[in-house]
Novice: 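Here it is, the structure, as structure tokens.
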Amino acid sequence: MVGHRPRLVLHPRHGPGLANALAALDSLELAIPGDDAGFHSALADGADGVITFAWDDSFLRHDFHWIQAISAGVDQFPIERLRERGVILTSASGAHSPAVAEHAIALLL
């Protein structure tokens, strides 16, 4: 749809740096609630996607189409239930590699 800005809801238990980086993107509408109640309220208002590292089954009360996991692993997500609902799950696999490698070298030093 031309002119549609995806509406994403950022889970409140995230790093502030992520919120600041995403807020700078004017190509999407971003909701950044301050607590779990605000998170569910923002989802109830309608969202295309969720950005989170945490999972709670209460998220499934809402209708959304995409989850961006901040983590590289997605074991905490109910993959089969999401697949049945047509929810796309993407991870941050590889995004943390440079930081992890630098940290490992720093520990060796």
Side-chain angles (χ1 to χ4, degrees):
M1 176 187 311
V2 176
H4 174 73
R5 289 177 26 179
R7 183 167 191 273
L8 302 179
V9 179
L10 182 60
H11 193 272
R13 287 176 264 162
H14 58 73
L18 179 60
N20 293 337
L22 290 172
L25 300 174
D26 58 0
S27 61
L28 55 89
E29 180 183 340
L30 182 65
I32 307 173
D35 57 21
D36 283 342
F39 176 75
H40 284 285
S41 178
L43 284 177
D45 288 343
D48 295 302
V50 175
I51 302 171
T52 186
F53 64 86
W55 177 259
D56 187 289
D57 285 343
S58 65
F59 295 2
L60 292 174
R61 292 185 303 200
H62 307 286
D63 184 33
F64 53 87
H65 309 287
W66 172 51
I67 297 173
Q68 172 60 55
I70 297 171
S71 60
V74 292
D75 294 343
Q76 68 272 31
F77 294 92
I79 295 172
E80 281 304 314
R81 288 172 55 199
L82 295 173
R83 185 177 292 134
E84 290 168 2
R85 290 181 55 154
V87 175
I88 297 168
L89 173 62
T90 54
S91 74
S93 180
H96 305 292
S97 297
V100 171
E102 290 170 0
H103 184 75
I105 295 298
L107 290 173
L108 288 171
L109 296 174

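All of these numbers come straight from a predicted model, not from anything done at the bench.
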Novice: Applying side chain to side chain contact (heavy atoms under 4.5 Å, CB included), can you list everything that pairs with Ser58, at least two apart in sequence or on another chain?
Specialist: His40, Asp56, Arg61

Novice: For Trp66, what residues pass the ring-ring contact (aromatic ring centres under 6.0 Å, His included) criterion, not counting sequence neighbours?
Specialist: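 Trp66 satisfies ring-ring contact (aromatic ring centres under 6.0 Å, His included) with no other residue.
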
Novice: Rounded to the nearest 0.5 Å, what separates atom CG in Leu8 from atom CD in Gln68?
Specialist: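 Reported value, rounded in 0.5 Å steps: 9.5 Å.
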
Novice: Do you know which two heavy atoms are closest between Ala42 and Arg7, and how far apart they sit?
Specialist: O-NH1, 2.8 Å

Novice: With Asp75, which residues qualify under salt bridge (Lys or Arg N to Asp or Glu O under 4.0 Å), at least two apart?
Specialist: none

Novice: Can you list everything that forms a side-chain hydrogen bond (donor to acceptor under 3.5 Å, both in side chains) with Arg85? Sequence neighbours excluded, please.
Specialist: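 Residues passing side-chain hydrogen bond (donor to acceptor under 3.5 Å, both in side chains) with Arg85: none at all.
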
Novice: I'd like to know if the side chain of Gln76 reaches the main chain of Phe53, judged simply by a donor and an acceptor atom lying under 3.5 Å from each other, with no hydrogens or angles considered.
Specialist: yes

Novice: Could you list the residues that satisfy side chain to side chain contact (heavy atoms under 4.5 Å, CB included) with Ile105, not counting sequence neighbours?
Specialist: Leu108, Leu109

Novice: Restricting to side-chain hydrogen bond (donor to acceptor under 3.5 Å, both in side chains), what partner residues turn up for Ser91, sequence neighbours left out?
Specialist: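 Not a single residue meets the side-chain hydrogen bond (donor to acceptor under 3.5 Å, both in side chains) criterion with Ser91.
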
Novice: Remaining members of Trp55's ILVMFWY cluster at a side-chain heavy-atom cut-off under 4.5 Å?
Specialist: Val9, Phe39, Leu43, Val50, Phe59, Leu60, Phe64, Ile67, Val74, Phe77, Ile79, Leu82, Val87, Leu89

Novice: Give me each pair satisfying salt bridge (charged side-chain N to carboxylate O under 4.0 Å, His left out) with a member in residues 33-47, each pair once, sequence neighbours excluded.
Specialist: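 Applying salt bridge (charged side-chain N to carboxylate O under 4.0 Å, His left out) to every pair that reaches into residues 33-47, excluding sequence neighbours, yields Arg13-Asp36.
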
Novice: Could you report the tightest heavy-atom contact between Leu10 and Pro33, atom names first, then the distance?
Specialist: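 The pair with the smallest heavy-atom distance is O-CD, 3.3 Å.
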
Novice: With sequence neighbours excluded, tell me which residues meet side-chain hydrogen bond (donor to acceptor under 3.5 Å, both in side chains) with Glu80.
Specialist: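 With neighbours one apart ignored, the set is Arg83.
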
Novice: Tell me, please, which residues at least two apart from Ala44 pass side chain to side chain contact (heavy atoms under 4.5 Å, CB included).
Specialist: His62

